[in-house]
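For reference, the structure discussed in these notes is given below.
Numbering of ligands and ligand atoms starts at 1, following listing order. Note: hydrogens, waters and symmetry copies are ignored here, and every other heavy atom, side chains too, is used.
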Amino acid sequence: MDLRGLYKFTLVDYPGKIACIVFTAGCNFRCPFCHNAALVIDPHSQPRVTETEFFNFLKNRRDLLDGVVISGGEPTLQPDLPEFCNHIHELGFKFKLDTNSSNPEVVFNIHRETGIDALGIDFKAPAVKYNLLVGNRDPELSDNVKRIIRFAMDNGIEMDVRTTVHRTLLSPDDLREMYGELKAISVPEWTLQQFNPVEVIDDALPTLETYSDHDLVAIAHELGSEVRVRNLKGRVIL
Ligand code: SF4
């Protein structure tokens, strides 16, 4: 595993769990709002965390942490992700896998081999805009995210389906369209995440007007009771 970062403690990234977050190098998307730009574009500029260091850290946190968030970058690009997940389980921790859903077979295989405890699933855009928004031409992307969501529902895997929202990238009509796509596959809950105006891949975005928390709450109210809003502190405010 090419690990390029470790947050030792989080209460918000794995709902209901005290967790750490480990970040994997590289990504096959180029989402303009990505706030892990260095990890995506130039992962080798980030200090490496070896697997030995990571697992020694975990062994020393047995009484303090419940779980691990595996994030990135895109973790499913790491060839040894299945063994890594398995080892986390062997040490007695649960894990939540964050994915951009571009590699559904990797996710399905990990679940068959070791059992995924939770999935963080990015639903980026309506189908017609998906490729453009994420900067990846794979025509299956929009279908793949829905395959993973259905797989999670069919297998009882806890999931967090979320969308980072910036007004320039997703209009209220886009959000309505996305809601319709999720409704069609009976997604029980969808979270609109506030855009984080830090250093992102498209450095113009933080300078452009976006939705306020109030705007997002109003949109969520209009869409339906399955939609909630997460603010910049990672807290659900609706
Ligand atoms: S937001 Fe996620 S999927 Fe998009 S570029 Fe960043 S790491 Fe990749």
Side-chain angles (χ1 to χ4, degrees), residues 1-7 10 12-14 21-49 68-79 81 84 95-107 110 116 118-127 129-149 152 159-170 174-175 178 190-206 208 210-211 230-232 234:
M1 293 285 285
D2 191 352
L3 306 175
R4 297 282 167 171
L6 173 65
Y7 285 173
T10 174
V12 296
D13 293 275
Y14 191 163
I21 314 177
V22 65
F23 295 89
T24 62
C27 185
N28 49 350
F29 284 9
R30 291 293 181 270
C31 308
F33 51 77
C34 179
H35 57 262
N36 285 331
L39 201 60
V40 169
I41 293 167
D42 186 15
H44 299 292
S45 67
Q46 303 302 299
R48 185 156 193 176
V49 180
V68 177
V69 179
I70 308 168
S71 191
E74 173 50 35
T76 64
L77 298 178
Q78 302 290 321
L81 181 63
F84 185 74
F95 70 87
K96 170 171 166 273
L97 177 63
D98 284 350
T99 180
N100 66 19
S101 299
S102 57
N103 293 304
E105 300 306 329
V106 173
V107 174
I110 291 173
I116 294 175
L119 279 166
I121 303 171
D122 288 348
F123 178 50
K124 307 275 191 187
K129 285 179 89 167
Y130 218 96
N131 295 87
L132 188 64
L133 193 141
V134 305
N136 180 307
R137 292 183 183 167
D138 180 349
E140 305 293 324
L141 291 180
S142 176
D143 286 343
N144 283 343
V145 67
K146 289 158 195 152
R147 284 178 67 202
I148 291 189
I149 291 171
M159 65 177 175
D160 177 20
V161 181
R162 69 277 176 103
T163 301
T164 300
V165 185
H166 189 292
R167 190 188 288 270
T168 307
L169 303 172
L170 295 172
D174 289 328
L175 295 170
M178 293 169 78
W190 177 35
T191 303
L192 305 179
Q193 292 190 149
Q194 189 56 275
F195 167 74
N196 190 1
V198 291
E199 197 175 318
V200 290
I201 285 185
D202 179 350
D203 54 18
L205 272 188
L208 299 172
T210 187
Y211 302 103
R230 191 177 286 143
N231 70 8
L232 276 180

key: Residue from I70, T99, I116, T76 passing side chain to side chain contact (heavy atoms under 4.5 Å, CB included) with I110   = I116

request  = Give a yes or no on whether a salt bridge exists between R162 and D98, defined as a side-chain N under 4.0 angstrom from a carboxylate O.
outcome  = yes

Ionic contact status for R167 with D174, cut-off 4.0 Å = no

ask   = Does ligand 1 have an atom that lies less than 4.0 angstrom from a heavy atom of N36?
value = no

ask   = Does ligand 1 have any atom sitting under 4.0 Å from a heavy atom of H35?
value = no

Closest protein heavy atom (residue, atom, distance) for [atom]:
atom	value
atom 6 (Fe) of ligand 1	C34 SG, 2.3 Å
atom 2 (Fe) of ligand 1	K124 NZ, 3.8 Å
atom 8 (Fe) of ligand 1	C27 SG, 2.3 Å

query = Relative to the heavy atoms of N100, which atoms of ligand 1 are at a distance of less than 4.0 Å?
reply = 3 (S)

request  = Heavy-atom contacts with G73 under 4.0 Å: which atoms of ligand 1 show up? List them by number with element.
outcome  = 7 (S)

ask   = Are F95 and Y14 close enough that their ring centers fall under 6.0 Å?
value = no

task = Starting from the C-alpha separation in whole Å, work towards a yes-or-no answer on side chain to side chain contact (heavy atoms under 4.5 Å, CB included) for C27 and N100.
result = CA-CA 9 Å; C27 185; N100 66 19; 3.6 Å; yes

key: Shortest non-hydrogen separation from S71 to P75 and the atoms involved   = O-CG, 3.5 Å

query = So, is C31 placed with an N/O/S atom under 2.8 Å from atom 4 (Fe) of ligand 1, counting both backbone and side chain?
reply = yes

